[in-house]
> 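Following this message is one structure expressed as structure tokens.
The shown structure was predicted, so the numbers you read here are calculated from the model rather than taken from an experiment. Letters go in sequence order (proteins before strands), and every chain restarts at 1.
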Amino acid sequence: MKNRLADLIANAVASCTQKGLLPDVKLPHIEIEVPANPEHGDYACNIAMILASQAKQNPRAIAKTILENLVDPNGLIEKAQIAGPGFLNFQLKDDFWRQILLQIQDQREKYGCLNIGQGKKVQVEFVSANPTGPLHIGHARGAVVGDVLSNLLQANGYRVSREYYINDAGNQMNNLGKSVLYRYREILGEKIEFPENCYRGDYIKDISSDIINKEGKRYLTQAEEETVPYFNAVAGAVILEGIKQDLKDFGVTFDNYFSEKELYKENGVSDLLSSLQKQGFIYSDGETLWFKTTAYGDEKDRVVIRKNGDPTYFAADIAYHRNKFARGFDILIDIWGADHHGYMPRLWAAIQALGHDKDDLKIILVQLVNLLRAGEPVAMSTRSGEFVTLREVLDEVGKDAARYNFLMRRSDSHLDFDLEVAKKQSNENPVFYVQYAHARICSIIRMACERGMALPAYKNMNPSLLAQPEERVLIKMMARYPEMLEGAVKSLEVHRITFYLNELAGVFHSYYNKNKVVTEDMALSAARLVLVDAVRIVLENALKILGVNAPQKM
RNA sequence: GCGCCUGUAGCUCAGCUGGAUAGAGCAACGGACUUCUAAUCCGUUGGCCGAGAGUUCGAAUCCCUCCAGGCGCACCA
């Protein structure tokens, strides 16, 4: 829609320059926007003001020249005028707007989706929580953002792979094994003092008891160095299974779980280091190996091999990202908790050293979640075991409300998540507002069927009966859907979908309260049924991207 | 001390990448169910866009300087 108008204007400007009415100016990107004030028409363009300084002419005069040379072969434009400092305001023909309905009915679940990605391969890595404990509410936000972003890109022409990186090779796994062992001993009667770095949650006890039930007390006598690695493996596997199950119930699935351990097995880290060494990015200070990340703007160089000979987490992470690129992805997207932001410059430095563009790796920071219960903050810490798990949130507020809540803010703004509010089935909870709109439309269509009015095909209704101003507003709102999706894809901002949905649902509810869809007037009813069904389709399409259910009844 | 994020209505937040008179939701107040679902709608109240200077036709948006809050600044992950 916007694009077709932009083309007309571009042609008009070109023809003006050709005729010498305008100096030969460089044509800037033509911005078409939807004016906030409906009196300013359906679309507005600021081109005349942009050109004013280059052309050294009064913007209103330029606007006039452009309008005089505007050719509209398909008759889109009802009215065009110059306003304010030099805006071009356009009102499109009603017929043109009504064609949107045809398009929606025609494309159904595909309506709104554009082939922006053109088949590019993109990998989205998210969650990637250490398997040392169940997922908590902080992980949940990243999970939803990653999942919805993947859905969004997939719907718009990208080939998307979702991946979870399992940090199963670091110290924290040892601490996990130890924690299980200490609980094991404790249950079997020993008195234990827990070190600082051990995990205290009840899930550790469960794993310990389970080992006792299956294998008895034989690990009491075995040397700790032998037991811990085994307990690591057992606990890691149990916890990872739990994580997968929680995610699945949250509507989040992955194409691939990538193990850090596997990376080492395949010499990914040592290969990486030797190749960086050849390129001259590695130097030694006698005890440790350093990576010259300052060569690409990092504030200081980073250690890759420690004094004790072990590679750092960073070394493994570079190897991991090299591995990702080697798998043929055109774009990598990492979704991180905002507390890791300090890590970005060094990773960007690393991928540039590997010969990639900084833009090939997009990093989305998701701010931490302040968990509240009835306005009171809830303290959380994985080590102490005091946290609200994703499981508990799912059980308490449900999948749809939880997901929607995480999508109502830009990901880089802090989010207050109040359990009491989220589980209320009331107007404080916007997810129901949107779902209700969908259910209402389904209900109308059901009612129409009962009265013997099956949903008519678009071609069998008379679109010019949709003459109410609210109907025009609804149609314009639906016409904006593809534009909104495009913006969300380009900015990688999924919250825009939620805001759009709230607005669309609002416009519909308002229409519903003012106009009756199914009446004695068969022709009018048919037209309105097609209209509201189009709204239903758009709601359903958008909710599907959010991974939120679109109910037939509420 | 350095870096990143945030600061917009009483509260929680949008603001389409520089546009026209800054918008929603919640809260408060007043109205609308004999009606296709009142989980809804209609109306009213509410603003020095943290502060100051700058860039230009035009700034909540961009540059600079402050102020406040959050988060980082490991041979942890």
> C1' atom, B/A9 versus B/C26: distance in rounded Å?
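About 12 Å, rounded to a whole number of Å.
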
> Within 90° of 0 counts as syn, otherwise anti: where does B/U45 fall?
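For B/U45, whose glycosidic angle is more than 90° from 0, the conformation is anti.
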
> On a whole-Å scale, what distance lies between the P atoms belonging to B/U34 and B/A27?
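Those two atoms are separated by 24 Å.
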
> A side-chain contact here means heavy atoms from C-beta on lying under 4.5 Å apart; do A/I239 and A/Y203 qualify?
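When only atoms from C-beta onward are counted, A/Y203 and A/I239 do touch, with a gap below 4.5 Å.
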
> Nearest-Å distance, NZ (A/K516) to P (B/C41)?
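That distance rounds to 18 Å.
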
> Quick check against the 3.5 Å criterion: does A/D168 have a side-chain atom that pairs as donor or acceptor with the backbone of A/E260?
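The answer is yes, because a donor-acceptor pair under 3.5 Å joins these two groups.
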
> Of the candidate nucleotides B/A38, B/C36, B/A77, which contains the atom at the shortest distance from the side chain of A/R440?
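Among the listed nucleotides, the one closest to the side chain of A/R440 is B/A38.
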
> Looking only at non-hydrogen atoms, find the nearest pair between A/I441 and A/L539 and report the distance.
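A/I441 and A/L539 have their closest heavy atoms at CD1-CD1, 4.2 Å.
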
> With a 6.0 Å cut-off on the ring centroids, do A/F90 and A/Y43 count as close?
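Not under 6.0 Å, so no.
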
> Calculate the interatomic distance between A/F291 atom CZ and B/C75 atom P; express it in whole Å.
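Result: 15 Å.
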
> For a quick test of reading the model: is some side-chain N or O of A/Y404 closer than 4.0 Å to OP1 or OP2 of B/G25?
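No, because none of the side-chain N or O atoms of A/Y404 sits under 4.0 Å from OP1 or OP2 of B/G25.
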
> I'd like a list of close polar pairs between nucleotides 2-6 of chain B and the protein, N/O only, cut-off under 3.5 Å.
residue : atom : partner : partner atom : Å
B/G3    : N2   : A/H341  : NE2          : 2.3
B/C5    : O2'  : A/Q367  : NE2          : 3.3
B/C5    : O2'  : A/D412  : O            : 2.9
B/U6    : OP1  : A/R410  : NH2          : 3.2

> What nucleic acid atoms does A/H340 come within less than 4.0 Å of, heavy atoms only: base, sugar-phosphate, or nothing?
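Base contact.
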
> Are there any protein N/O atoms within less than 3.5 Å of an N/O atom in nucleotides 17-23 of chain B, and if so, which ones and at what distance?
residue : atom : partner : partner atom : Å
B/G19   : N7   : A/N46   : ND2          : 2.9
B/A20   : N6   : A/N89   : OD1          : 2.7
B/A20   : N1   : A/N89   : OD1          : 3.3
B/A20   : N1   : A/N89   : ND2          : 3.1

> Quote, to the nearest angstrom, the C1' distance that separates B/C48 from B/A60.
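Per the computed distance, 12 Å lies between those C1' atoms.
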
> Using only atom types and a distance under 3.5 Å, with no angle test, would you say the side chain of A/Y512 pairs donor to acceptor with the backbone of A/A437?
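Such a contact is absent between A/Y512 side chain and A/A437 backbone.
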
> With C1' as the reference atom in both, quote the distance from B/C62 to B/G19 in angstrom, rounded to an integer.
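B/C62 and B/G19 have their C1' atoms separated by 14 Å.
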
> Rounded to whole angstrom units, what separation is found between the NZ atom of A/K300 and the C1' atom of B/C73?
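Distance check: A/K300 NZ to B/C73 C1' gives 7 Å.
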
> Which whole number of Å gives the distance between the C1' atom of B/G58 and that of B/C11?
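Pairwise C1' distance, B/G58 against B/C11, rounds to 32 Å.
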
> On RNA chain B, compare the nucleotides closest to A/M408 and A/R346; which residue's is nearer the 5' end?
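Residue closer to the 5' terminus by nearest nucleotide: A/M408.
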
> Hey, are A/R472 and A/D42 close enough for a salt bridge, meaning a charged N less than 4.0 Å from a carboxylate O?
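Here A/R472 pairs with A/D42 in a salt bridge, since their nearest N and O are under 4.0 Å apart.
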
> Sequence neighbours left out, what passes side-chain hydrogen bond (donor to acceptor under 3.5 Å, both in side chains) with A/K490? Give chain and number order.
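Scan of A/K490 (side-chain hydrogen bond (donor to acceptor under 3.5 Å, both in side chains), adjacent residues dropped) gives A/E486.
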
> Just N and O in the side chain of A/Y512: are any of them under 4.0 Å from OP1 or OP2 of B/A38?
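So the side-chain polar atoms of A/Y512 do come within 4.0 Å of the phosphate oxygens OP1 or OP2 of B/A38, strictly under.
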
> Please state how far atom CG in A/D301 lies from atom C1' in B/A74, giving the value in whole angstrom units.
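In whole Å, B/A74 C1' lies 15 Å from A/D301 CG.
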
> Do any N or O atoms of the protein come closer than 3.5 Å to N or O atoms of nucleotides 59-61 of chain B, and which pairs are they?
none

> Can you check whether A/V13 reaches A/L51 side chain to side chain, under 4.5 Å on heavy atoms?
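The answer is yes, as the side chains (C-beta and beyond) meet within the 4.5 Å cut-off.
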
> Whole angstroms only, please: what is the CZ-P distance between A/R528 and B/U35?
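Taking CZ of A/R528 and P of B/U35, I get 19 Å after rounding.
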
> Indicate, with a heavy-atom threshold strictly under 4.0 Å, whether A/V34 touches base, sugar-phosphate, or nothing.
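Answer is base: heavy atoms of A/V34 come under 4.0 Å of a base.
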
> Quantified in whole Å, what is the C1' atom distance between nucleotide B/G47 and nucleotide B/U21?
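Straight-line distance between the two C1' atoms is 13 Å.
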
> Quick one: which of B/U40, B/C13, B/C42 gets closest to the side chain of A/S510?
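Among B/U40, B/C13, B/C42, the one nearest the side chain of A/S510 is B/C42.
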
> Could you work out the separation of B/U45 and B/A22 based on their P atoms and round it to a whole Å?
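My reading of the P atoms in B/U45 and B/A22 gives 15 Å.
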
> For A/Y343 together with A/W336, are the ring centres under 6.0 Å from each other?
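Judged by ring-centre distance (under 6.0 Å), A/W336 and A/Y343 do meet the cut-off.
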
> Within the pair A/H509 and B/A32, is there a side-chain N or O less than 4.0 Å away from OP1 or OP2?
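Indeed not, no polar side-chain atom of A/H509 lies that close.
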
> Under a cut-off of 3.5 Å for both distances of each Watson-Crick or G-U pair, what dot-bracket string does RNA chain B give, using [ ] for crossing pairs and | for inter-strand pairs?
(((((((..((((.....[...)))).(((((.......))))).....(((.(..]....).))))))))))....

> Does A/E262 reach the main-chain N or O of A/S259 with its side chain, forming a donor-acceptor pair under 3.5 Å?
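Side chain of A/E262 to backbone of A/S259, a donor-acceptor pair under 3.5 Å: no, none is there.
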
> For nucleotides B/U61 and B/G52, find the distance between their P atoms and express it as a whole number of Å.
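So the two P atoms sit 12 Å from each other.
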
> Whole angstrom is fine here: how far is it from CG in A/N405 over to P in B/C26?
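Answer to the nearest Å: 14 Å.
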
> List the steps, then state whether side-chain hydrogen bond (donor to acceptor under 3.5 Å, both in side chains) holds for A/R141 with A/S411.
CA-CA 9 Å; A/R141 186 177 187 188; A/S411 55; 5.9 Å; no

> Has A/H139 got a side-chain atom pairing as donor or acceptor with A/H136's backbone, closer than 3.5 angstrom?
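Yes, because the side chain of A/H139 sits within donor-acceptor range (under 3.5 Å) of the backbone of A/H136.
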
> What class does the angle between the rings of A/F314 and A/F291 fall in, given that below 30° is parallel, 30 to 60° is tilted and above 60° is perpendicular?
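Ring orientation of A/F314 relative to A/F291: parallel.
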
> Starting the side chain at C-beta, find the nucleotide from B/A77, B/C13, B/A39 nearest to A/Q172.
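That would be B/A77.
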
> Mind calculating the distance between CG (A/L415) and P (B/G25) to the nearest angstrom?
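Those two atoms, CG and P, are 20 Å apart.
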
> Between C1' on B/C57 and CD1 on A/I62, what's the gap in Å once rounded to a whole number?
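Value for this atom pair: 11 Å.
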
> Determine all donor-acceptor pairs shorter than 3.5 Å in which one atom belongs to a side chain in residues 345-352 of chain A; sequence neighbours excluded.
residue : atom : partner : partner atom : Å
A/W348  : NE1  : A/L361  : O            : 3.0
A/Q352  : NE2  : A/W348  : O            : 3.1

> Syn or anti: how is B/C33 classified when any glycosidic angle within 90° of 0 counts as syn?
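Classified syn.
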
> Can you check side-chain hydrogen bond (donor to acceptor under 3.5 Å, both in side chains) on A/Y313 and A/Q172, steps first, answer last?
CA-CA 11 Å; A/Y313 173 83; A/Q172 81 283 358; over 6 Å; no

> For A/E471, does its backbone N or O pair with a side-chain atom of A/R528 as donor and acceptor, under 3.5 Å?
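A pair under 3.5 Å: no.
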
